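Below you'll find the structure, written out as structure tokens, and then a few comments.
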Amino acid sequence: MHNYEAPADLLKDRVILVTGAGDGIGKAAAITYARYGATVILLGRTLQKLEEVYDQIESANYPQPAIIPLNLESAVDKEYEDVSVQIESEFGRLDGLLHNAALLGPRTPIEHYDAESWNKVMKVNLTAPFLLTKAMIPLLRNSQNASIIYTSSSVGRKGRAYWGGYAISKFGVEGLMQVVADELDDSENAIRANSINPGATRTNMRAHAYPAENPNNNPAPEEIMPLYLYLMGADSVGVSGQAFDAQPK
Ligand code: NDP
């Protein structure tokens, strides 16, 4: 699906929530989804970045987006319920959910990995997608064939030295995706859930993880969007519980 070509109206009238929409892959996904017709809900922790994405979408004359500021590191159950109430009252449903936000955390051996960092990484990368999924399921049920995408990593499929909590959180994300996919498959308006490993992509997170690397050797986030479109749009109806790679291996 790296070469998937989406029809121009693929996401027309769809309401899609993207976490970590202010930067990197999440920003590219939000703008891309809007370009294909979606009303995008931009969720993230840095309001200024979300506003910049909002302005970019508006000035391109794509459907007017919405902004939900939320820090996934500190957010508690009640704040997720508030998000649900806000989306319910504004849109009445949710057609797509891209769990994209994540924290890299320290790149260090488990022997030296501090517990505070572990807790932060787990909170943002795994607990937040769990709580958000839980809060959004009733709204996703109001949609015809809703899609949930979880963001994984190659180290979330095979463990690798020094990737610590980040790698382990991504294994958890794959597990969450499989459990959710299995549970929601039989529901009346089947909700599909899949995971994407973006592969090496030119973002701040990649630069932090690989400081010695030439960033220009990696594709920009905009270049890995075909799979993000395929899994969000109607061409993937019936595809669920699967782990995908956004770039050819
Ligand atoms: P970036 O660091 O560039 O962007 C991450 C986004 O998540 C930012 O918008 C950031 O907000 C947001 N975020 C981080 N912490 C929180 C928080 N506590 N609350 C709300 N939002 C938060 O990362 P990428 O774009 O590279 O990564 C996107 C996804 O892709 C992640 O899940 C990552 O694990 C995965 N991935 C990326 C790869 C790559 O090569 N880039 C490879 C494999 C997987 P803010 O801008 O305010 O900091």
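Whatever order the structure lists ligands and atoms in, that order sets their numbers, starting from 1. Please read these numbers as outputs of a predicted model, since none were measured by experiment.
- Of the possible donor and acceptor atoms, one in the side chain of R107 sits under 3.5 Å from a partner among the backbone N and O of Y162.
- Taking only nitrogen or oxygen atoms, main chain and side chain alike, N71 reaches within less than 3.5 Å of ligand 1.
- Remark: distances from the non-hydrogen atoms of G199 to ligand 1 include one below 4.0 Å.
- By the 4.5 Å heavy-atom criterion applied to side chains, Q56 and I31 are counted as neighbours.
- Between the choices N218, I224, D23, the shortest heavy-atom distance to atom 4 (O) of ligand 1 belongs to D23.
- Residue T46 approaches ligand 1 through these ligand atoms, each under 4.0 Å from one of its heavy atoms: 45 (P), 47 (O).
- Given atom 1 (P) of ligand 1, the protein heavy atom at minimum distance is M205 CB, 4.0 Å.
- Considering only non-hydrogen protein atoms, atom 43 (C) of ligand 1 sits nearest to P198 CD, 3.7 Å.
- At the shortest separation from atom 29 (C) of ligand 1 among protein heavy atoms lies N100 O, 3.2 Å.
- Within the model, atoms CG of N217 and CZ of R202 stand 9.0 Å from one another, a figure rounded to the nearest 0.5 Å.
- Residues D235 and P7 share a closest heavy-atom pair of OD2-CD, 4.2 Å.
- For ligand 1, the atoms closer than 4.0 angstrom to any heavy atom of N204 are 3 (O).
- Comparing A102, S154, G26, A246 by heavy-atom distance to atom 5 (C) of ligand 1, the nearest is A102.
- A pairwise comparison of heavy atoms in L42 and V53 identifies CD2-CG1, 4.0 Å as the closest pair.
- In this structure, I67 and P65 have side chains that are not in contact, with every pair of non-hydrogen atoms separated by 4.5 Å or more.
- If you look at K170 next to ligand 1, the close heavy atoms, those under 4.0 Å, all belong to the side chain.
- Contacts between L70 and ligand 1, counted as non-hydrogen atom pairs separated by less than 4.0 Å, involve the backbone only.
- The protein atom (non-hydrogen) at minimum distance from atom 48 (O) of ligand 1 is R45 NH2, 2.8 Å.
- Between the S84 side chain and the M136 main chain, no donor and acceptor come within less than 3.5 Å of each other.
- In summary, the atoms of ligand 1 found under 4.0 Å from a heavy atom of E73, numbered by their order in the structure, are 18 (N).
- Ligand 1 has at least one atom lying under 4.0 Å from a heavy atom of S152.
- Under the 3.5 Å distance criterion, the side-chain polar atoms of E174 are left unmatched by any main-chain donor or acceptor of S152.
- Ring geometry for Y230 against Y4 counts as perpendicular: the plane angle is over 60°, on a 0 to 90° scale with 30° as the lower cut.
- Other residues, nucleotides and ligands contribute more than 12 heavy atoms inside 6.0 Å of the NZ atom of K123.
- Of the polar atoms of G44, none of the N or O atoms is found under 3.5 Å from an N or O of ligand 1, judged by distance alone.
- Contacts between A200 and ligand 1 below 4.0 angstrom, taking non-hydrogen atoms only, involve the backbone exclusively.
- Contact atoms of ligand 1 toward G24: 3 (O), 25 (O) (distance under 4.0 Å to a heavy atom of the residue).
- At the shortest separation from atom 26 (O) of ligand 1 among protein heavy atoms lies T203 OG1, 2.5 Å.
- A donor-acceptor pair under 3.5 Å links the side-chain atoms of N100 to the main chain of G20, judged by distance alone.
- Contacts between K49 and ligand 1 below 4.0 angstrom, taking non-hydrogen atoms only, involve the side chain exclusively.
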query = Stepwise, does the side chain to side chain donor-acceptor pair (under 3.5 Å) test hold for R192 with S236?
reply = CA-CA 9 Å; R192 60 198 187 281; S236 61; 3.0 Å; yes

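- Every atom of ligand 1 with a heavy atom of T151 under 4.0 Å away is listed here by number and element: 29 (C), 30 (O), 32 (O), 35 (C).
- Within ligand 1, the atoms closer than 4.0 Å to a non-hydrogen atom of G20 are 6 (C), 7 (O), 9 (O), 12 (C), numbered from 1 in the order shown.
- Among the candidates Q178, R157, K170, the single residue satisfying the side chain to side chain donor-acceptor pair (under 3.5 Å) test with S195 is R157.
- Near A101, the atoms of ligand 1 lying under 4.0 angstrom from a non-hydrogen atom of the residue are 7 (O), 12 (C), 13 (N), 21 (N), 22 (C).
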